[in-house]
Amino acid sequence: MFRRKITRYLLLCTFIICSYNCQEEANPATETSALVSENTIASKDLSEIKKDGKLTVITIYNSTSYFLYRGKPMGFEYELVKKLADHLELELDIKVAKDIDHLFDMLNAGVGDLIAFGLSVTEDRKKLVNFTEYHYLTHQVLVQRRPENWRKLPMYKIKKHTLNDPIEMIGKTVHVRKNSSYFERLENLEDEIGGQIDIQLVSGDKTTEDIIKMVVDGEIDYTISDYNIAAINQTYNPILDIDTEISFSQRIAWAVRKNSPELLAEINSWLKNIKKKDFYYVVYNKYFKNKKSYRRRIKSEFYSKNQGKISQYDAIVKNNVERLGWDWRLLSSQIFQESRFKPNENSWAGAGGLMQIMPATAKDLGVNDITNPSENIRGGTKYLAQLRENFSNVEDSIQRIKFTLAAYNCGLGHVRDAQRLTKAFGEDPNVWDDNVEDYLLKLSSREFFNRPEVKYGFVRGREPYLYVKEIFLRYEHYKKLIPFETPETESQVASN
């Protein structure tokens with residue numbers, strides 16, 4: 001069966017990269033990816049990755065690997081690969097796979113450089129990829145429901161209602177994804193216990209957590225999960241029983257292409273070092289051990305997998321963003337950058353509210369109460385619209401937004417200085433990326449802020465430089481995980 005899968009696998013490589021590009025929002029990195037032939041695996045090792053300046057990581061959207069919570073990208077894999085990218089001095093780009101099958105297809109088709117997801121190391125998978133040093137050890141367990149009145153029952157009566165030994169699984173129906181390590185384990189388990197298990201397949205786009213939820217809701221009776229994932233889900237769903245082990249310890253690791261030995265060696269070296277530090281274990285405990293934190297996230301309407309919300313101010317943002325013609329998720333990213341969605345936030349300079357408006361500016365904009373979210377966002381978007389008019393010579397709409405954001409952060413005068421400086425050095429003053437942003441950075445140096453082109457003097461150029469970059473990086477996360485039209489906005493449109 002696996003040989004047939006390998007035969008089909010290489011044929012899928014060309015298809016998967018094409019279909020992935022069609023599904024994702026326009027992204028230069030994926031639009032220009034080279035197609036692979038049916039007999040070729042994409043080739044790109046660390047030296048080529050460093051030339052591009054970007055580490056592209058493939059993962060899956062779930063409650064432990066990668067998600068948004070209160071407007072902030074989070075996840076065990078996300079936090080680690082962000083640290084890895086910083087170590088490599090590379091920009092991080094996240095690609096979200098539809099399901100676990102697509103992880104391997106996307107990697108070998110060249111859509112990404114690294115699979116950062118909790119993969120069980122198996123012999124079959126080792127034929128497709130090279131695994132990194134393992135992150136942790138876990139084992140697989142049977143996930144089942146306790147009886148409805150289990151809290152009132154002694155343990156021995158609960159055990160009478162559950163399967164407590166793998167041999168009791170003979171003839172039982174267990175639901176798993178086809179190409180998961182759980183499916184492999186069940187096939188091997190049948191040989192070990194000398195009997196058949198009714199293995200029913202669940203579509204590949206269902207995460208392990210989704211399938212566990214099906215057990216909780218009574219849609220199915222049994223599934224299989226890694227223990228750490230089952231345990232964190234049990235904290236929110238105590239009706240689950242996860243005590244029946246069905247495997248020995250297994251290594252959980254990331255993966256790279258077989259033709260990326262430099263990248264593999266660098267990641268392994270980094271992993272060995274980072275696992276000696278507190279940071280690694282703090283991150284692990286945050287997502288797999290801190291049960292209180294997990295319950296709080298999962299219950300929140302601002303956990304991205306629940307309602308597709310970024311913050312409690314989404315509706316206000318959508319009502320005000322029209323004057324800018326921006327994606328509401330981009331404006332939300334700026335608001336997060338300014339205040340972390342805290343309406344009473346005040347800066348050392350006296351700016352206040354969600355969009356950190358200065359008192360004098362607020363007065364000019366007609367904002368009476370800076371702490372009022374509606375007034376603040378109305379005033380902030382009005383101010384952005386005013387600033388944008390100063391960059392009518394910037395033809396590219398994205399570049400114009402970046403100029404506008406920079407002016408919002410450090411003032412129009414300093415951005416004008418950077419434009420004049422850019423022109424003086426023979427570069428394009430109407431392009432932000434790798435042009436004006438670089439000269440704004442230089443305005444913190446006496447050599448540059450004392451030049452005759454500069455009228456407003458010194459500015460901490462790193463602040464607006466990072467301000468724009470971080471807003472757009474966060475916006476990329478928002479685009480991947482938050483729909484442009486949420487059910488809430490659709491119903492508003494229908495009612496109008």
Side-chain angles (χ1 to χ4, degrees), residues 25-26 71 308-343 345 347 351-416 419 430 432 436 464 467-479 482-496:
E25 291 191 56
K309 290 185 177 181
I310 296 176
S311 77
Q312 66 197 85
Y313 308 109
D314 287 359
I316 302 173
V317 171
K318 291 169 188 173
N319 287 337
N320 285 276
V321 79
E322 290 181 9
R323 65 159 51 96
L324 295 170
W326 294 5
D327 184 334
W328 72 275
R329 296 168 296 184
L330 174 59
L331 181 59
S332 293
S333 181
Q334 184 194 7
I335 294 171
F336 181 93
Q337 189 77 17
E338 289 287 354
S339 65
R340 303 298 192 269
F341 299 118
K342 297 175 182 177
E345 192 79 355
S347 76
L354 290 171
M355 296 190 70
Q356 291 292 283
I357 303 173
M358 293 294 288
T361 306
K363 185 177 180 181
D364 292 341
L365 295 169
V367 175
N368 297 315
D369 182 1
I370 288 178
T371 64
N372 181 288
S374 294
E375 284 196 55
N376 193 284
I377 294 176
R378 176 179 56 78
T381 52
K382 184 178 179 181
Y383 186 44
L384 284 167
Q386 292 174 1
L387 289 170
R388 183 180 57 183
E389 294 308 308
N390 292 281
F391 302 105
S392 57
N393 290 335
V394 178
E395 295 181 1
D396 183 273
S397 60
I398 298 300
Q399 296 298 301
R400 194 177 183 192
I401 290 171
K402 290 182 177 183
F403 277 105
T404 303
L405 289 172
Y408 191 97
N409 177 260
C410 70
L412 177 61
H414 291 303
V415 176
R416 288 294 195 219
Q419 284 184 292
N430 292 320
W432 175 261
V436 177
Y467 180 83
V468 174
K469 278 198 179 301
E470 289 171 5
I471 287 171
F472 268 85
L473 285 172
R474 188 180 305 105
Y475 173 48
E476 288 302 315
H477 293 295
Y478 288 4
K479 285 198 295 181
I482 302 294
F484 180 74
E485 291 290 347
T486 64
E488 175 188 329
T489 57
E490 288 170 0
S491 63
Q492 288 174 349
V493 170
S495 63
N496 286 336

Can you see which heavy atom on [X] is nearest to which on [Y], and at what distance?
X	Y	result
I357	I370	O-CD1, 3.6 Å
S339	Q356	CB-NE2, 4.4 Å
V317	S332	CG1-OG, 3.8 Å
A385	L324	N-CD2, 3.6 Å
V394	N430	CG1-O, 3.5 Å
P373	I316	CB-CD1, 4.0 Å

Exercise for review: Evaluate the criterion side-chain contact (heavy atoms from CB on, under 4.5 Å) for residue pair Y313 and I335; output intermediate values, then yes/no.
Suggested key: CA-CA 10 Å; Y313 308 109; I335 294 171; 5.9 Å; no

From [atom1] ([X]) to [atom2] ([Y]), nearest 0.5 Å:
X	Y	atom1	atom2	result
Q419	N390	CD	CG	9.5 Å
E470	S333	CD	OG	9.5 Å
H477	I310	NE2	CD1	12.5 Å
Q386	L365	CD	CG	5.5 Å
S374	N320	OG	CG	7.5 Å

Check your understanding: Taking the six-membered ring of F391 as reference, does the NZ or CZ atom of R416 fall below 6.0 Å from its centre and within a 45° cone about the axis?
Key ->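 Satisfied, under 6.0 Å and within 45°.
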
Practice item. Flag this pair as yes if the NZ/CZ of K469 is under 6.0 angstrom from the six-membered ring centre of F472 and inside a 45 degree cone about the axis; otherwise no. Key: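 Because its charged atom misses either the 6.0 Å distance or the 45° angle limit, K469 does not stack over F472.
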
Practice item. Would you kindly say whether Y478 and D327 are connected by a side-chain donor-acceptor distance under 3.5 Å? Key: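 Side chains of Y478 and D327: no pair found under 3.5 Å.
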
Check your understanding: Would E338 and Y467 count as having a side-chain donor-acceptor pair, cut-off 3.5 Å?
Key ->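 Side-chain D/A pair, E338 to Y467: present.
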
Review point. Do other residues, nucleotides or ligands put more than 12 heavy atoms under 6.0 Å from the CD atom of E389?
Key: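 Enclosed: over 12 neighbouring heavy atoms sit under 6.0 Å from CD of E389.
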
Do the side chains of [Y] and [X] get nearer than 4.5 Å, heavy atoms only?
X	Y	value
R323	L384	no
F341	Q312	no
Q334	W326	yes
I482	W328	yes
N376	P343	no
V321	T381	no

Practice item. Would you check if the side chain of E345 reaches a backbone N or O of L354 as a donor-acceptor pair within less than 3.5 Å? Key: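 No, because the side chain of E345 does not come within donor-acceptor range (under 3.5 Å) of the backbone of L354.
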
Exercise for review: For residues 362-382, pull every pair meeting ring-ring contact (aromatic ring centres under 6.0 Å, His included), keeping only residues two or more places apart or in separate chains.
Suggested key: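 Of all non-adjacent pairs touching residues 362-382, none passes ring-ring contact (aromatic ring centres under 6.0 Å, His included).
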
Return all side-chain donor-acceptor pairs below 3.5 angstrom for residues 401-409, not counting sequence neighbours, or 'none' if the list is empty.
residue : atom : partner : partner atom : Å
K402    : NZ   : D433    : OD1          : 3.0
K402    : NZ   : D433    : OD2          : 3.1
T404    : OG1  : R400    : O            : 2.8
Y408    : OH   : M355    : O            : 2.6

Review point. Among all residues two or more places apart in sequence or in another chain, which pass the salt bridge (Lys or Arg N to Asp or Glu O under 4.0 Å) test with K363?
Key: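 Not a single residue meets the salt bridge (Lys or Arg N to Asp or Glu O under 4.0 Å) criterion with K363.
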
